[in-house]
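One structure is given below, encoded as structure tokens.
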Amino acid sequence: MDVKTEIINAINSAVELSIKAGTFKLEGDLPEISLEVPPKKEFGDFSTNFAMKSAKIFHMSPKQIAEEIKAVISADCIEKVEIAGAGFLNFYIKQEVIFGRLKEIYDMGEKFGQLPDKKNVPIQIEYVSANPTGLLHVGHGRGAAAGSAIVNILRAAGYHVVSEYYINDAGNQMENLAKSVNARYLELLGEKVEFPENGYHGADIIDTAKKIVEHYGDKYLELPEEERLPVLENLAYQNKLNELKKDLSNFRVEFDVWFSERILHPQKINDAVKVLRERGEIYEKDGALWLKSTKYGDDKDRVVIRENGVPTYLAADIAYHKNKYERGFSQMINLWGADHHGYIARVKAAMTALGFDANKLKILLLQMVSLYRGGELVKMSKRTGESITLRELMEEVGTDAARYFFLMRSIDSQLDFDLDLAKKQSSENPVYYIQYAHARICSIFKQAEENNLKLDAAPNFNLLTTEAEKDLINKIFEYPAEIEKAAEEYAPQRIARYVYDLAAQFHSFYRDCRIIGVETELAKARLALIKITAHTIKHALNLLGVSAPTSM
RNA sequence: GCGUCCGUGGCUCAGUUGGAUAGAGCAACGGCCUUCUAAGCCGUGGGUCGCGUGUUCGAGUCACGCCGGACGCACCA
């Protein structure tokens, strides 16, 4: 049993005793006992606001309640209890318990940060899911960073997770891709062509066409257009998908499942529509089939099958989400760009209409990214409507900086990405600051080795008594709870912040506590402490998909 | 007009199911390298938490209303 549970149980027992003794007269439900790490270390190792919360049901002042609990409570791990503020109970933990915990963490080695298996039915998370018609831009980059970090965090928290990419490889945008590549293909072969009106103007389309010319030359030139388009569509699609996978892989993003929309056409879409029809959720109007989504909170009803018989994007999405539900996940998470928020109501409505529990589908919205260079907003290209690509960003600032910058803000805050700052190799740049802490530790180990100082299997942690050491230890202790919180809230920025604070704590320790040159026992205890610190920094950076260099 | 998100020092942002004197970084100013990487550390100044009302023992946090910003409101994806 961990210390936290032990204290909560002790408070619980104390309250029960006082109720039995008649000191507390219970009227109503007992509030939950929550234990938190106080904002300041003068407030002890843990604190609870239980006395304040229960003032009403006991008809006593928080101070009186706190006094009573303090008098009655007993737990082996508690050194002392203090009452402070408006009725906070602050707990101080015995040193031996603290050092015992430190030893446990030390023995865990690199496994520290991996929480016990939750034995849950897998959670599914779908993210990026950009159309395979162009290159990923920075907005996708933020989604890729956030999604992959959330996957890592959930797994560290002990959840089973399946990550998935939904490839929109059917419908208009693929035809558009085909037409655009076709035009570029013909252009490259010297033909005069009119570029399709809504075609993709990006330079990457020319690259794709070039690749096709390289491989197949003018092989398709003589084909009639209606035969050439499907061939080029397929070639372009493969090329685009590969580029996408390559960029994501370079960005340290891997998916368990690549789900092709084509699988849904036409059978699974027809099935979904059929079920909706049978459930009385579909009606016909103006020659189209409409979903009664207003019944379930949508602003208006939505077309699922167009007048011309072609299913809408929503129809495919309904079939896709139906398929997700049928795969039996405990929860499904979609990470969407904030510009898609208007879409939430209709998808959820459709799931309810199908008889599924819409609450199992959690849709996270990711706010927009603005890039700044030299203090100026980097504008999107007017002609192509494209922003800087993820590939260009990785080249300019590096994968580590790009990922960390995407992750350091809450996903529902708009992100101002300062390209100049991301490139700086100084403490102004949080990525370097954190990585430097890790590299510093590795450097100390090198020096230690040269001085014949080695890690001990059972170091004497009792020697770690300075403020800097205690602060560092406390910060390390917070890590598992931080992972738990980050997982609960799908909040990678918590980890980004945590590892920054941990690095800061280490840098302070570094100033105050020397390792090489001090008495051997103490040196070994400190060496063990920084080993744990390095493991924790590395683990947290891994969750973010940021590397932990051993030298800088 | 409707909807979603945001509004916290000059700038960019945290803020633990409502709790202790609202915290970081950058910028400004002042210190610290004969000793494990100064890519670092220590210190100083700077806030009516957009505005108002309400709920509460207690509100940056919750509710309602305004103001400001971003995004969205297709038989496009």
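Quick note on labels: first sequence line is chain A, next is B, and so on, each numbered from 1. In this text the structure is predicted, and so the values were computed from the model without any measurement.
Taking the C1' atoms as reference points, B/G47 lies 14 Å from B/A24, given to the whole Å. Separation of the P atoms belonging to B/G9 and B/G60 is 14 Å when rounded to the nearest angstrom. B/G50 sits 12 Å from B/C6 when the P atoms are compared, rounded to a whole Å. Nucleotides B/G25 and B/U21 have their P atoms positioned 22 Å apart, rounded to a whole Å.
Computed from coordinates, the A/Asp298 CG to B/G3 C1' distance equals 11 Å when rounded to whole Å. B/G25 atom C1' lies 10 Å from atom OH of A/Tyr433, rounded to whole Å. In this structure, A/Tyr498 atom OH and B/U16 atom C1' are separated by 14 Å, rounded to whole Å. A/Phe88 places its CZ atom 13 Å from the P atom of B/U16, with the value rounded to the nearest Å. As a whole-Å value, the separation of A/Asn429 CG from B/C26 C1' is 12 Å. Nucleotide B/G69 holds its P atom 16 Å from the CD atom of A/Gln367, rounded to whole Å. Between the C1' atom of B/G25 and the CD atom of A/Gln493 lies a distance of 16 Å, rounded to the nearest Å.
The base of B/G3 is paired with the side chain of A/His341 by a donor and an acceptor separated by under 3.5 Å. You'll find a donor-acceptor pair under 3.5 Å spanning the side chain of A/Ser47 and the base of B/A20, going by distance alone.
As judged by a 4.0 angstrom heavy-atom cut-off over every strand, A/Ala338 is placed among residues touching the sugar-phosphate backbone only. Heavy atoms of A/Gln414 sit under 4.0 angstrom from at least one base atom. Within 4.0 Å of A/Ser508, counting heavy atoms only, lie sugar-phosphate atoms of the nucleic acid but no base atom. A/Asn49 comes within 4.0 angstrom of a nucleotide base, judged by non-hydrogen atoms across all strands. Note on A/Phe445: nothing from the nucleic acid sits closer than 4.0 angstrom, heavy atoms only. Contact annotation for A/Asn90: base contact, defined as any heavy-atom pair under 4.0 Å involving a base atom. Among the atoms of the strands shown, only primed sugar atoms or phosphate atoms (P, OP1, OP2) are found under 4.0 Å from some heavy atom of A/Lys300. Counting non-hydrogen atoms under 4.0 angstrom, A/Glu32 reaches a base of the nucleic acid. Heavy atoms of A/Cys442 sit nowhere under 4.0 angstrom from any nucleic acid atom. Among the protein residues, A/Ala439 comes within range of the nucleic acid bases, having at least one heavy atom under 4.0 Å from a base atom.
Pairing for B/U61 is absent, judged as Watson-Crick or G-U wobble with the two contacts each under 3.5 Å. For B/G9, there is no paired base (Watson-Crick or G-U wobble, both distances below 3.5 Å). Remark: B/C66 base-pairs with B/G50. Criterion, Watson-Crick or G-U wobble with two distances under 3.5 Å. Applying the Watson-Crick and G-U wobble criteria (two distances, each under 3.5 Å), B/A28 pairs with B/U44.
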With side chain to side chain donor-acceptor pair (under 3.5 Å) as the criterion, how do A/Tyr127 and A/Glu164 come out once you've worked through the C-alpha distance, each side chain's angles and the decisive distance to 0.1 Å? CA-CA 7 Å; A/Tyr127 63 102; A/Glu164 186 157 320; over 6 Å; no
Please enumerate all protein N or O atoms sitting under 3.5 Å from an N or O of nucleotides 60-62 of chain B, with distances to 0.1 Å.
none

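Contact check on A/Lys475 versus A/Glu478 returns a salt bridge, with a Lys/Arg side-chain nitrogen under 4.0 Å from an Asp/Glu carboxylate oxygen.
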